[in-house]
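Report on one structure; see the data block that follows.
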Number of protein chains: 2
Amino acid sequence: MKLALPETERNRLKHALKSRNRRPTRQRTCVYEVILEKRDHPTADDIHLRVREKLPSISLATIYNCLDTLVECELVKQVHLDRAPTRFCPNRNPHAHFHCRVTGQVYDVSLDDERLSIIEKTLPDGFTADTIELSFIGQGPKSDTIS
Amino acid sequence: MKLALPETERNRLKHALKSRNRRPTRQRTCVYEVILEKRDHPTADDIHLRVREKLPSISLATIYNCLDTLVECELVKQVHLDRAPTRFCPNRNPHAHFHCRVTGQVYDVSLDDERLSIIEKTLPDGFTADTIELSFIGQGPKSDTIS
DNA sequence: GAAATAAATGGAATGATTCTAATTTCTGTG
DNA sequence: CACAGAAATTAGAATCATTCCATTTATTTC
Ligand SMILES: [Mn+2]
Ligand SMILES: [Mn+2]
Ligand SMILES: [Zn+2]
Ligand SMILES: [Zn+2]
């Protein structure tokens, strides 16, 4: 009988959950499983469809719950940052953005041509990008944290 | 009498619009104006509030319409890419993403430590990032475009 | 195995964005 | 200048990903 989830990943999951005091449930295992199965960056809804083939009664809310847990445990990443209203920027030079977790502010971070071209060279042959988005998330300066 | 929108930008707007056969309306001018006024990456709603002080009857739909036009004319950028469902990814190594406009596929693009550290050095003093998101948007390989 | 706690569930609520259909504004031409 | 046609604006409805809530079910602890 072949395990759906390979031993290594099964352990990774178990440990990650235990270390955060979260329970290893059928649902969480299965969600993790389908994400590993096909590395195509599925949406929550895609995942729901796939998981339902194994757990037909799983709800979409649970998919979201499981995903939150897996992200929290750093077992999966979400490709788009926090869903939040789109922001607009008049800076027409190439630049990156810094989102401060503390204040919510968004700063421009200038990007010199040098670095920009290094970043562009990351792309393998056959890929042509017309847009690059680089953003940092963390803590900004003088956050006046009263700590 | 001081013009609300500086001459240079006023011209940029006029030319950009004309070159795409779009009309220079009060609403578009005003939206562009408030975005330039305060470079804080406002949301559509923020912009609506600010523009309403000058055009009290402007609708939110128009704000979105104007923003679409300004983005199309490359006068402003939107900081979050197209609003679309969040995607999830099990790749735990540092990597970038490539979104293909043609097929909608999302690919992982590996990021060596070298490049990663170059990117990190972009941040000015005082900023600490715990997350970096780098994504490319464009056309992927062998897109089988029947052209 | 019962109490206590965490998780799962279905459905309602949210909220950013998009769509629609009606009205208003522009622009080019006569 | 008037007018036809095109483009833009508007209010409100519709979408849709995500979150919230109250209830039920599963897990862990004792
Ligand atoms: Mn989330
Ligand atoms: Mn848009
Ligand atoms: Zn910016
Ligand atoms: Zn990825």
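By convention in this document, chain letters (A, B, ...) are assigned in the order of the sequence lines, proteins followed by strands, and residues within each chain are numbered from 1.
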[atom1] of [X] versus [atom2] of [N]: gap in Å, rounded?
X	N	atom1	atom2	answer
A/Leu70	C/dA8	CG	P	10 Å
A/Leu60	C/dA13	CG	C1'	15 Å
B/Lys14	C/dC26	NZ	C1'	14 Å
A/Leu17	C/dA7	CG	C1'	12 Å
B/Asp68	D/dT9	CG	P	11 Å
A/Asn21	C/dT5	CG	P	13 Å
A/Arg20	C/dA7	CZ	C1'	18 Å
A/Leu67	C/dA7	CG	P	15 Å

Hey, does [Y] have a side-chain heavy atom less than 4.5 Å from the side chain of [X]?
X	Y	result
A/Thr128	A/Leu123	no
A/Phe136	B/Thr122	yes
B/Arg101	A/Thr131	yes
B/Asn91	A/Lys77	no
A/Phe98	B/Pro124	no

*Who pairs with A/Arg115 by salt bridge (Lys or Arg N to Asp or Glu O under 4.0 Å), at least two apart in sequence or on another chain?*
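Applying salt bridge (Lys or Arg N to Asp or Glu O under 4.0 Å) to A/Arg115 gives A/Asp112.
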*asked:* Applying salt bridge (Lys or Arg N to Asp or Glu O under 4.0 Å), can you list everything that pairs with B/Asp40, at least two apart in sequence or on another chain?
replied: B/Lys38, B/Arg50
Think [X] has a side-chain N or O under 4.0 angstrom from the OP1 or OP2 of [N]?
X	N	result
B/Tyr64	C/dT17	yes
B/Gln27	D/dT10	yes
B/Arg22	D/dA8	yes

_Give the residues of residues 33-59 of chain A touching DNA chain C, defined as any heavy atom closer than 4.0 Å, sorted by residue number._
A/Ser57, A/Ile58, A/Ser59
_Protein within reach of the bases, or only the backbone? For nucleotides 21-30 of chain D, mark each nucleotide 5' to 3' as B, S or -, using heavy atoms under 4.0 Å._
------BS--
*Quick one: on DNA chain D, does B/Thr69 or B/Phe88 contact a more 5' nucleotide (nearest heavy atom)?*
B/Thr69
_Lys/Arg N to Asp/Glu carboxylate O, B/Glu74 vs B/Arg20, below 4.0 Å_ =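 Looking at B/Arg20 together with B/Glu74, the answer is yes, because their closest N to O distance falls below 4.0 Å.
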*asked:* Rounded to the nearest 0.5 Å, what separates atom NE2 in B/His48 from atom CG in B/Leu55?
replied: 9.5 Å
*Taking all heavy atoms of B/Leu17 and all of B/Pro24, pick out the closest pair and write down the distance.*
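For B/Leu17 versus B/Pro24, the nearest heavy atoms are CD1-CA, 3.6 Å.
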*Are B/His41 and B/Asp46 close enough that a side-chain donor and a side-chain acceptor fall under 3.5 Å?*
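No, no side-chain donor-acceptor contact under 3.5 Å.
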*Minimum-distance nucleotide to A/Cys66 side chain [options: D/dA8, C/dA8, D/dT19]*: C/dA8
*In degrees rounded to 10°, what angle is found between the helical axes fit to the five outermost pairs at each end of the helix from C/dG1-D/dC30 to C/dG30-D/dC1?*
30°
*Other than A/Ile118, which residues form its hydrophobic cluster under the rule that side-chain heavy atoms must be closer than 4.5 Å?*
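B/Ile118, which link up through side-chain heavy atoms under 4.5 Å apart, make up the rest of the cluster.
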